[in-house]
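For the single chain, residues carry numbers from 1 onward in sequence order. In listed order, ligands and their atoms are each counted from 1.
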Amino acid sequence: MVEHQLRQRGISDERVLLAMERVPRELFVPEESRQYAYEDGALPIGHGQTISQPFIVATIGALLALDGHERVLDVGTGSGYQAAVLAELAREVVTIERVPELAEGARIALAKAGYDRVEVRIGDGSLGVPDRAPFSAIAVAAAAPTVPHALYSQLEEGGRLVVPRGSRWGQELVLVVRTPTGPQERGSVACRFVPLLGKGGFAST
Ligand code: SAH
């Protein structure tokens, strides 16, 4: 996975490659799809949601440019896989999921994989986690029509936010850096995420 899906496709950040090598992805996919855990794609995890493709998880990790000292917010816990990768890359990870059953499953998987210091919250992550802000970095694993304002406002100065921005059917992964003069944006790869449902995302109906 690391060689073919990541390094050969241009992921060069050694910390990210090492993190991807360390996290046992099979612990974050449903038992019946364990044999596909290291394949090049997203997989269903129930409740109409998916665990993201490894390349996309690595791309988000690389765009956040973490050095190991940060407090990071992960929006859209899903299986907990992205949160585990972020826990390898940063000091502290808070993750938030709107579907309680997925949050519970992620808590169990994270503990099994040895990442029990990741804090799993249940709620509308499009509003961030104000009581734990500011964050050095925020990863959003669900598509938003615009950069959610609450998330940008919970970044520290110089903080980095990665979010798939676009329609419900296709997005671009965008890096937003908080600067004294306002947000600085850079586009990255095309992607397709499930929608971010909530106040700062798409309407849930
Ligand atoms: N990072 C996950 C990917 C999960 S898919 C992984 O590695 O497995 C995106 C997740 O975002 C879904 O579980 C979905 O329920 C969740 N989600 C959607 N809108 C949300 C919101 N407003 N707040 C929190 N979670 C949300």
Side-chain angles (χ1 to χ4, degrees), residues 1 5 16 19-20 22-30 33-34 36-61 63-64 72-90 93-110 112-113 115 118-130 132 135 137-152 154 161-166 168 171 173 191-205:
M1 177 186 93
Q5 299 172 33
V16 170
M20 296 293 294
R22 280 201 181 138
V23 179
R25 195 166 186 264
E26 71 274 11
L27 295 184
F28 296 90
V29 304
S33 38
R34 291 249 150 105
Y36 310 116
Y38 293 93
E39 304 234 317
D40 187 16
L43 288 168
I45 55 171
H47 301 271
Q49 308 302 326
T50 54
I51 175 173
S52 310
Q53 179 192 23
F55 173 69
I56 292 292
V57 174
T59 302
I60 292 175
L63 287 170
L64 291 177
V72 179
L73 173 64
D74 173 55
V75 177
T77 313
S79 67
Y81 179 67
Q82 174 97 59
V85 171
L86 292 171
E88 288 283 351
L89 294 170
V93 179
V94 179
T95 180
I96 181 163
E97 169 59 52
R98 65 184 286 274
V99 180
E101 292 85 354
L102 289 176
E104 195 42 44
R107 232 176 239 140
I108 293 167
L110 285 163
K112 245 190 207 160
Y115 300 101
V118 171
E119 185 182 336
V120 182
R121 296 274 188 108
I122 298 168
D124 181 0
S126 72
L127 300 175
V129 180
R132 302 288 271 116
F135 298 96
I138 301 179
V140 185
T146 53
V147 175
H149 179 73
L151 296 183
Y152 180 78
Q154 287 171 34
L161 161 67
V162 175
V163 55
R165 182 180 59 194
R168 280 174 183 258
Q171 311 92 32
L173 208 51
C191 53
R192 188 175 173 170
F193 278 82
V194 297
L196 181 72
L197 301 175
K199 292 228 167 74
F202 289 101
S204 52
T205 47

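Test V75, I96, D74 against V129 for side-chain contact (heavy atoms from CB on, under 4.5 Å) and you get one pass: I96.
Because its NZ or CZ atom is not both nearer than 6.0 Å to the ring centre of Y38 and within 45° of the ring axis, R25 does not count as a cation-pi partner of that residue.
Contact detail for D124 and G198: the closest heavy-atom pair is OD2-CA, 3.5 Å.
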Inset, instruction - Show your reasoning for whether side-chain contact (heavy atoms from CB on, under 4.5 Å) applies to Y81 and L27. - result: CA-CA 9 Å; Y81 179 67; L27 295 184; over 6 Å; no
Filter the ligand 1-protein atom pairs down to N or O on both sides and distance under 3.5 Å, then list them.
{"residue": "ligand 1", "atom": "1 (N)", "partner": "G76", "partner atom": "O", "Å": "3.1"}
{"residue": "ligand 1", "atom": "7 (O)", "partner": "Q82", "partner atom": "N", "Å": "3.1"}
{"residue": "ligand 1", "atom": "8 (O)", "partner": "S79", "partner atom": "N", "Å": "3.1"}
{"residue": "ligand 1", "atom": "8 (O)", "partner": "S79", "partner atom": "OG", "Å": "2.6"}
{"residue": "ligand 1", "atom": "13 (O)", "partner": "E97", "partner atom": "OE1", "Å": "2.8"}
{"residue": "ligand 1", "atom": "13 (O)", "partner": "E97", "partner atom": "OE2", "Å": "3.4"}
{"residue": "ligand 1", "atom": "15 (O)", "partner": "E97", "partner atom": "OE2", "Å": "2.6"}
{"residue": "ligand 1", "atom": "19 (N)", "partner": "L197", "partner atom": "N", "Å": "3.0"}
{"residue": "ligand 1", "atom": "22 (N)", "partner": "D124", "partner atom": "OD1", "Å": "2.9"}
{"residue": "ligand 1", "atom": "22 (N)", "partner": "L197", "partner atom": "O", "Å": "2.7"}
{"residue": "ligand 1", "atom": "23 (N)", "partner": "G125", "partner atom": "N", "Å": "2.7"}
{"residue": "ligand 1", "atom": "25 (N)", "partner": "R98", "partner atom": "N", "Å": "3.2"}

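Considering NZ of K199 and OG of S204, their distance stands at 10.5 Å, rounded to 0.5 Å.
Within the 4.5 Å cutoff, the side chain of L86 has heavy atoms near those of the L64 side chain.
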